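The structure under discussion appears below in the form of structure tokens.
Side chains are part of it too, since the values below use all heavy atoms of this structure and drop only hydrogens, waters and symmetry mates. Source: prediction; values computed, not measured. Residue numbers run from 1 in the order of the sequence given.
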Amino acid sequence: MTTRPGRPVGELLRDQRRRRGMTQLDLSIEAGVSARHLSFVETGRSRPSPDLILRLAEQLDTPLAERNTMLLAGGYAPAYPSHDLDGPELAPLRAAVRQILDGHRPYPAALVDQHWQLVEANPAVALFTAGAAQHLLAPPVNVLRLSLHPDGMARRILNLAEWRAHLLNRLRRQAVTTNDPTLSALHEELHGYPCGDDVPTSDDVSAVVVPLRYRHGDQELSFVSTTTLFGTPLDVTVAGLAVEAFFPANPVTTAALHALDAGSAEVG
């Protein structure tokens, strides 16, 4: 649970609404409830039903863990389970993720949890972890810390200031949305890392997306990234998972990754 326990459900709903920048009227229209009743719920003058709590939380795009917190605050049982990722209940999901990661080879891809800790990765991710300090690679590996720490990937990222700003903005939004103190603390930590000076580039992809420009030996590799989430999750653990995948942004990077994959296959 990411919200401090003991607070009334109305306060939790009000905080979520304000974090979303919505007025009571906005939320009441979206949820199909009168603004007066919503006001009574937020002030504690009216006790919401579990269905209303979940309806409001759905419109606020509240994370599942915090929806459970709201239900408990309202005197109801949690609605969403949280299974262990290694448990039998999530075995089909792990199999699907492994298929995605293997299918993305020779390009890097990794599964991360809600706190950006590495859960699983394909062999191509070794390109990013090579040369990183051991303390950054000791489980649980936090991929954002690995990316921006001076002893991690940061010293090889040629557009560090640009990439750092992209990651920090994304983390900040996630911390605000989820009200997760772990993410807030991580943002504060990473914000204190050096930002570096970007090396000029002529890469055309920079005009449409923020690339990751990475030095590998005497080569400059360029990547674009995507994030894949699981649709309509009903489990707290699943809701926090994401597949971070990197694609080559130019022919040089494509050739380099295929060469690295071929070399690792020969060694294996």
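In this structure a side-chain-to-backbone donor-acceptor pair under 3.5 Å is present from N159 to P211. Judged purely by atom type and a 3.5 angstrom limit, D261 has no side-chain atom pairing as donor or acceptor with the backbone of A124. Distance alone, capped at 3.5 Å, is enough to place a donor-acceptor pair between the N122 side chain and the L101 backbone.
Linking ILVMFWY side-chain heavy atoms closer than 4.5 Å, directly or via other members, places L167 and V143 in a single hydrophobic cluster. No continuous path of ILVMFWY side-chain contacts below 4.5 Å connects F246 to V97, so the two sit in separate hydrophobic clusters.
Salt-bridge formation is detected for the pair E220/R213: a Lys NZ or Arg NE/NH1/NH2 atom is positioned less than 4.0 Å from an Asp or Glu carboxylate oxygen. Salt bridge status for R17 with D26: absent, with no side-chain N to carboxylate O gap under 4.0 Å. R19 has a carboxylate O that lies under 4.0 Å from a charged side-chain N of E66, or vice versa, which qualifies the two as a salt bridge.
A donor and an acceptor atom, one from each side chain of S222 and T253, are nowhere located under 3.5 Å apart. A side-chain N or O of T227 and one of R170 form a donor-acceptor pair less than 3.5 Å apart.
The minimum heavy-atom distance linking N68 with A79 is given by the pair OD1-N, 3.0 Å. A pairwise comparison of heavy atoms in G131 and R156 identifies CA-NH2, 3.9 Å as the closest pair.
The salt bridge (charged side-chain N to carboxylate O under 4.0 Å, His left out) contacts involving residues 44-54 comprise nothing, where partners must be two or more places apart or lie in separate chains.
Using cut-offs of 30° and 60° on the angle between ring planes, the pair F247 and Y107 is tilted.
A distance of 6.5 Å separates CG of L127 from CG of L257, quoted to the nearest 0.5 Å.
Around CZ of R155, the count of heavy atoms belonging to other residues, nucleotides or ligands within 6.0 Å exceeds 12.
If you run side chain to side chain donor-acceptor pair (under 3.5 Å) between H115 and each of D180, T178, N142, only D180 comes through.
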